J.: 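One structure coming up, written as structure tokens, with questions to follow.
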Amino acid sequence: MKFEIVTIFPDFFRGPLDYGIVRRAREAAFIEILIHDLRAFTTDRHKTVDDRPFGGGEGMVLKPEPLFECVESLQLASRKRRMAGEAKEAVVLLSPQGQMFTQAVAEEMAGLERIVMICGRYEGVDERVAESLADREISIGDYVLSGGELAAAIVVDAVARLQAGVLGNETSSVDESFGEAGLLDWPQYTRPAEFRGWKVPEVLIGGNHEEVRKWRRNAAREKTQRQRPDLLEGSRK
Ligand code: SAH
């Protein structure tokens, strides 16, 4: 699966995508990550990517031309075919105004072969990019970041670990928070069995697999009830 990130800060991604599972997934070629420097798609001497907003007001807005030039140079299937699901490709604009990025959205995106992500900056991006270039807008949460780069890194991480083979057999995404049961993960403990007087639940040490399974199911349900009761209402069971 190929991720392509369009940004005015290409160096930003040195680091966040170079560790742990994402690094191993890249090294084993389960995923490929390409970074496109938006300034390379400008035509003026100053490599201008932004301009003042029509109608006045504070700040700057990313101009449409370099973004269209950049994404069009990638030779994707047409927006119409992408949006009809006829091509396993998507162009995503990271935006606080987008659809909320959840595990369900990550799972849906994991079925694609190519994801192009546009990172906004400043006051945002000329609306024609959302209207006519990107297939969808995605938000990582109800807060405003200063740029789409962190959001893009989050999407890469969450989607990459869902690719077949990336997690390996011992860790499956099915049992995790927001997985098949629609619950949070069960509490995990490791050694020592007693730490500063706090003991690990007895049943986890006993070696009775059936009892462990029951305890985990109940504990996951209890923790979900306590922390995220909203998940139980829409529980996938
Ligand atoms: N003026 C805009 C915010 C611009 S923030 C508004 O109020 O809606 C600048 C850029 O950061 C955005 O274009 C987007 O690419 C990115 N960004 C900010 N918050 C984000 C979020 N919650 N999810 C995804 N991208 C976000």
Side-chain angles (χ1 to χ4, degrees), residues 1-17 22 31 33-42 46-74 76 79 82-83 89-112 114-162 177-178 228 230-231:
M1 163 172 230
K2 198 173 191 178
F3 297 93
E4 296 180 66
I5 302 176
V6 180
T7 173
I8 59 167
F9 295 128
D11 289 342
F12 185 96
F13 295 94
R14 283 176 210 270
L17 303 175
V22 175
I31 62 163
I33 302 170
L34 298 180
I35 311 290
H36 301 293
D37 181 356
L38 186 61
R39 288 192 201 278
F41 296 86
T42 53
H46 297 107
K47 301 192 185 298
T48 311
V49 290
D50 58 335
D51 208 337
R52 287 181 315 237
F54 274 124
E58 291 295 305
M60 301 296 268
V61 175
L62 283 185
K63 290 160 64 62
E65 305 96 312
L67 286 166
F68 275 76
E69 287 291 332
C70 175
V71 172
E72 282 165 6
S73 78
L74 304 178
L76 297 156
R79 183 170 185 264
R82 298 193 309 256
M83 291 181 71
E89 301 176 344
V91 177
V92 172
L93 172 65
L94 278 324
S95 160
Q97 301 165 20
Q99 181 196 2
M100 192 74 80
F101 186 64
T102 60
Q103 190 67 17
V105 173
E107 280 164 17
E108 182 197 325
M109 290 174 79
L112 298 168
R114 210 171 160 195
I115 302 174
V116 176
M117 284 181 276
I118 301 172
C119 303
R121 275 277 155 183
Y122 315 119
E123 293 305 310
V125 180
D126 186 289
E127 189 67 14
R128 286 165 290 193
V129 170
E131 288 166 351
S132 307
L133 183 65
D135 313 348
R136 64 199 290 187
E137 292 176 74
I138 288 197
S139 165
I140 61 157
D142 285 347
Y143 36 80
V144 179
L145 301 167
S146 49
E149 285 78 6
L150 278 173
I154 282 169
V155 171
V156 170
D157 187 307
V159 174
R161 65 200 296 289
L162 294 175
S177 295
F178 319 110
R228 292 291 305 275
D230 58 303
L231 293 178

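Position 1 is the first residue of the sequence; numbering continues from there. Each ligand, and each atom within it, is numbered from 1 in the order the structure gives. Treat the numbers as computed from the prediction; the structure is a model and nothing was measured.
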J.: Is Leu62 touching ligand 1 with its side chain, its backbone, both, or neither, if touching means heavy atoms under 4.0 Å apart?
T.: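 Neither; no heavy atom under 4.0 Å.
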
J.: At what distance is the nearest protein heavy atom to atom 25 (N) of ligand 1, and which residue and atom is it?
T.: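 Checking every protein heavy atom, the shortest distance to atom 25 (N) of ligand 1 gives Ser95 N, 3.3 Å.
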
J.: Taking all atoms of both residues into account, what is the closest heavy-atom pair of Ala106 and Val159, and its distance?
T.: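 Residues Ala106 and Val159, closest heavy atoms: O-CG2, 3.9 Å.
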
J.: Is a salt bridge present between Asp126 and Arg128, judged by a nitrogen-to-oxygen distance below 4.0 Å?
T.: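 Result for this pair is yes, salt bridge flagged.
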
J.: Should you measure from each heavy atom of Ile138, which atoms of ligand 1 turn up under 4.0 Å away?
T.: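 Selected atoms, number and element: 24 (C).
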
J.: Decide whether an N or O pair under 3.5 Å exists between Tyr143 and ligand 1.
T.: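 So ligand 1 has an N or O lying under 3.5 Å from an N or O of Tyr143.
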
J.: Atom 1 (N) of ligand 1: which of Glu149, Glu123, Glu137 has the nearest heavy atom?
T.: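 When every heavy atom of Glu149, Glu123, Glu137 is considered, Glu123 comes closest to atom 1 (N) of ligand 1.
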
J.: In terms of heavy-atom contacts, does CG of Asp142 have more than 12 from other residues, nucleotides or ligands at under 6.0 Å?
T.: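 Counting neighbours around CG of Asp142, 12 or fewer heavy atoms of other residues, nucleotides or ligands fall under 6.0 Å, so no.
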
J.: Can you find a heavy atom in the side chain of Tyr122 that is under 4.5 Å from one in the side chain of Ile8?
T.: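 The answer is yes; the side chains approach within 4.5 Å.
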
J.: Only heavy atoms of Tyr122, strictly under 4.0 Å: list the atoms of ligand 1 that pass.
T.: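 Matching atoms, with element in brackets: 4 (C), 5 (S), 9 (C).
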
J.: Any non-hydrogen side-chain atom of Ile5 less than 4.5 Å from a side-chain atom of Cys119?
T.: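 Heavy-atom side-chain distance check passes, below 4.5 Å.
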
J.: Give the atom numbers and elements of ligand 1 that come within less than 4.0 Å of a heavy atom of Val144.
T.: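 Listed by number with element: 3 (C), 5 (S), 19 (N).
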
J.: Could you identify the single nearest non-hydrogen protein atom to atom 23 (N) of ligand 1 and state the distance to 0.1 Å?
T.: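 Result for atom 23 (N) of ligand 1: Ile140 N, 3.1 Å.
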
J.: Hey, does Leu133 have a side-chain heavy atom less than 4.5 Å from the side chain of Ile118?
T.: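 When only atoms from C-beta onward are counted, Leu133 and Ile118 do touch, with a gap below 4.5 Å.
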
J.: Are any of the heavy atoms in Leu150 under 4.0 Å away from ligand 1?
T.: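 Leu150 does not count as a contact of ligand 1 under the 4.0 Å cut-off.
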
J.: Quick one: look up the protein heavy atom nearest atom 14 (C) of ligand 1 and list residue, atom name and how far away it is.
T.: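 Closest protein heavy atom to atom 14 (C) of ligand 1: Leu94 O, 3.1 Å.
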
J.: Any side chain to side chain donor-acceptor pair (under 3.5 Å) involving residues 47-58? Give me the pairs, sequence neighbours left out, ordered by first then second residue.
T.: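 Matches after skipping sequence neighbours: Asp44-Thr48.
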
J.: Report, in ascending order of atom number, the atoms of ligand 1 lying under 4.0 Å from any heavy atom of Gln97.
T.: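 Taking each heavy atom of Gln97 in turn, ligand 1 has 6 (C), 8 (O) under 4.0 Å.
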
J.: Any side-chain heavy atom of Glu149 within less than 4.5 Å of one from Arg121?
T.: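 Sidechains of Arg121 and Glu149: in contact.
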
J.: So which of Gly141, Cys119, Gly147, Ala130 gets nearest to atom 11 (O) of ligand 1, if we judge by its closest heavy atom?
T.: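 Shortest heavy-atom distance from atom 11 (O) of ligand 1: Gly147.
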
J.: At what distance is the nearest protein heavy atom to atom 5 (S) of ligand 1, and which residue and atom is it?
T.: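 Closest protein heavy atom to atom 5 (S) of ligand 1: Leu145 O, 3.2 Å.
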
J.: Counting only heavy atoms closer than 4.0 Å, does ligand 1 sit against the backbone of Pro96, its side chain, both, or neither?
T.: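 It is both parts that get close, each with some atom under 4.0 Å.
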
J.: Quick check on contacts: which atoms of ligand 1 are under 4.0 angstrom from a heavy atom of Ala151?
T.: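 Contacts of ligand 1 toward Ala151, numbered from 1: 24 (C), 25 (N).
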
J.: What verdict does the side-chain contact (heavy atoms from CB on, under 4.5 Å) test give for Phe68 and Val129, after you've listed the backbone C-alpha separation in whole Å, the side-chain angles of each residue and the deciding distance to 0.1 Å?
T.: CA-CA 8 Å; Phe68 275 76; Val129 170; 3.9 Å; yes

J.: Once rounded to the nearest 0.5 Å, what's the spacing between atom CG of Leu150 and atom CD1 of Ile140?
T.: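 Answer for the CG-CD1 pair, Leu150 versus Ile140, is 7.0 Å.
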
J.: Could you list which atoms of ligand 1 come closer than 4.0 Å to a heavy atom of Gly148?
T.: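 Result: 11 (O), 15 (O), 16 (C).
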
J.: Looking only at protein heavy atoms, which one is nearest to atom 13 (O) of ligand 1, and what is the separation?
T.: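 For atom 13 (O) of ligand 1, the nearest protein heavy atom is Gly120 CA, 3.4 Å.
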
J.: When you look at Val91 and Arg79, which way does the side-chain contact (heavy atoms from CB on, under 4.5 Å) test go after all the steps?
T.: CA-CA 8 Å; Val91 177; Arg79 183 170 185 264; over 6 Å; no

